[in-house]
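Whatever order the structure lists them in is the order used to number ligands and atoms, beginning at 1. Quantities reported herein were computed from a predicted structural model and do not represent experimental measurements. Start at 1 with the first residue, then count along the sequence.
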Amino acid sequence: MSPPRRSEVAPPEQPAFGRIGLLPGIGPAREARLARLGLATIRDLLFLIPRRLEAFPGEAPIAQARRALGRELTIAGAVRSRTFYRSGRRRSVLRLAVEDRSGAMDVVFFNQPWLRERFAKGDAIRVHGRVVDSKGPALAATRLESDARALPEAGSLVATYPSTEGISQAFLGELCRAAARRFGDRLVEPLPEEELSRLELPPLPRAVRDLHEPADLARFEAASRRVSLEPVLRLQARLWERRKERAQGHAMAIPIAGALHRDLVARLPFTPTQAQLAAMADLRADLGRSVPMRRLLQGDVGSGKTAVGLYACMAAAAAGGQAAFMAPTELLAEQHAYGQRELLDRASLRAALLTGSQASKERKAVLAAAAQGQVDIVFGTHALFSQDVRFARLALAVIDEQQRFGVAQRQRLLDKGRDVHALLMTATPIPRSLALTVYGDLDLTLLGEKPPGRGPVHTQWLRGPETRRALEVIEARLAEGEQAYWVVPRIEEGEPGLAGAIAAFERLRSRSVARFGIELVHGRMPAAERAERLERFRRGEARLLVSTTVIEVGVDVPRATVLAVQSAERLGLAQLHQLRGRIGRSARESWCFLLGRATAAERFRVLEATNDGFEIAERDLALRGMGDLVGLRQAGESTEGLGDPRRDLDLVLFARDLVARAPALRAHYR
Ligand code: ADP
Ligand code: MG
């Protein structure tokens, strides 16, 4: 027998080293403060990636230091006098007057009572700190040179750390360096050497030392890449497990033979785009198998995702299964249900709508029909996945606008439908590396093309007296038979100057535009009334719709060609782009007016410059950071393992590939 390959031998577990409280000088109070920085164990300290590197400042003459308020520097001189006092149980100040040839200044040590007996008059000291105002300019000492430890040389690189109340960044730095010196070498490097050298990464023990006491910038960067690879590997190992679990599920096989495919396509009210056809081909391959599909369909607003979802639902019904089509808002669920009614009727498919605010009698009837298999497609909100909903033969779930569901919520839904095919659709395109992390357990299909014959969409930021232009354009367009949206983020008047949708509606109703018919919808009106009002707009009886952001996703009224967003500074890039997706759905050119304050100028300029959802997502990422983009941080969910996708794409790809190849590493990182 040949010896096992190296990657098949499980590396020993990483030592835990225990709580930070086991380190000398760390009592319960400090331990609690460190916990606020997310630091609980010694391993957390070792793997804490410093914010940046700074050159250690050189020595300054005291006279010069006195004028450098706020700066970090080093002084050297002789101790002239010393005072010590306590100002509470744990608070103390040791104050030394230090003098060099240029002058004198105080050096203060806060809360380090053990230094009290350390200094005698005439002692020479070198000390580093920040110049503060404490009874005149004084140096708040952070590092003291001792026989045992010299200060870093001027210009040498020092890592800087986060801080919190009661934990200075200098203290944390010292703690990390001490931990790295004492424990770093005991770390296990689970990755084979040849893998590390492919990425030019140091092994963990060296990485941890280079991270906290770097010799140069290149080594610091290599070290921080190695350390940030750890959570990336952990996440990818988890995702691998999830994919494997999925492969063991059993969903109804939905074969789509050529004849059925042609039949389904012919039922659509238009000729599919090449991109839609390619997406359907992906679905045919997935649905034909009993391994549950987990596919994410990404397509910019207006790219025609609904038709693709509907194609899958019709196929499921043809195979004798049921489909659930889920939308994040009642408004959208209603639109899908009513919008597809005719098409589904013609195909002799039975469809129903299930939302949270339905009358209980109606709801009971839908529930019974679903449970007895008397309905083929149920449209609805997440109410579709509540406890009391049973399907006789649920084969497929389509989740529209899935970015509106949190990552955890999405996972719960998928877990519930373990043996169901799932098609997730999103209009928030995400960069590839992010897709491989947040959506790493899904297969991706891109709808990269919009249906033909769409007019251009112009976007303009308007301020002050310019805002009149928005209403002028709306009035002119309405006169030509087109329609418009007037969006206000809040329902009611907020702080002064922040209009609400109700007030905007009242104001516009008294203007001449109102002669074309005007309606108001917002999230606080009864669902039935809202649906009715929206329907009036859809039918063109009201040509101007005033609304909150409830129309943000999905609403599809092709005759609408103007969108004005008031208080637009309150909305994020992705949200504004989504709103803009309500127009530009016909051959006419469309106008999007952003009425908002200069605080959001950067976002407005991005929207003026591009209509490309991918580019906007990239900019959003740069402006807001990762976790926010996918709504992880708002949802209070972990962003561990995500890294910075623009920087770490190669690490993510590497980790994904590695855990797929090396079972031993999967076990280690699980
Ligand atoms: P998305 O959900 O991707 O934002 P929709 O599915 O709402 O987009 O489609 C947007 C509009 O384009 C709808 O009015 C739809 O009927 C229309 N549409 C979709 N596909 C096509 C196509 N292949 N040809 C013409 N119009 C299409
Ligand atoms: Mg849609």
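Counting atoms of ligand 1 from 1 in the listed order, those under 4.0 Å from a heavy atom of Val301 are 4 (O).
Side-chain contact check for Thr459 and Arg580: at least one donor-acceptor pair (N or O, by modelled atom type) lies under 3.5 Å. Glu330 and Ser357 share a side-chain donor-acceptor pair at under 3.5 Å. A donor-acceptor contact under 3.5 angstrom links the side chains of Ser386 and Asp388, judged on distance only. For Glu334 and Thr355, the side-chain atoms include no donor-acceptor pair closer than 3.5 Å.
For a threshold of 3.5 Å applied to N or O pairs, the pair formed by Gly299 and ligand 1 contains no separation below that value. For ligand 1, the polar-atom distance check against Pro558 finds no nitrogen or oxygen pair separated by under 3.5 Å.
Residue-ligand proximity: Ser303 is placed with a non-hydrogen atom under 4.0 Å from ligand 1. Heavy atoms of Pro272 come nearer than 4.0 angstrom to ligand 1 in at least one pair. Within the structure, ligand 1 lacks Glu401 among the residues with a heavy atom less than 4.0 angstrom away. Ligand 1 lies nowhere less than 4.0 angstrom from a heavy atom belonging to Gly581.
For Thr271, every heavy-atom contact with ligand 1 shorter than 4.0 Å involves the backbone, none the side chain. The residue His336 has no part lying near ligand 1, judged by heavy-atom distances below 4.0 Å. Contacts between Met425 and ligand 1, counted as non-hydrogen atom pairs separated by less than 4.0 Å, are absent for every part of the residue. In Asp556, the part holding a heavy atom less than 4.0 Å from any atom of ligand 1 is the side chain.
Here the side chains of Arg533 and Met525 are in contact, with some heavy-atom distance below 4.5 Å. Side-chain contact between Leu544 and Gln483 is absent, with no heavy atoms from C-beta onward closer than 4.5 Å.
The backbone N or O of Arg243 sits nowhere less than 3.5 Å from a side-chain atom of Arg294 that would complete a donor-acceptor pair.
Rounding to the nearest 0.5 Å gives a distance of 9.0 Å between CZ of Arg515 and CZ of Arg543.
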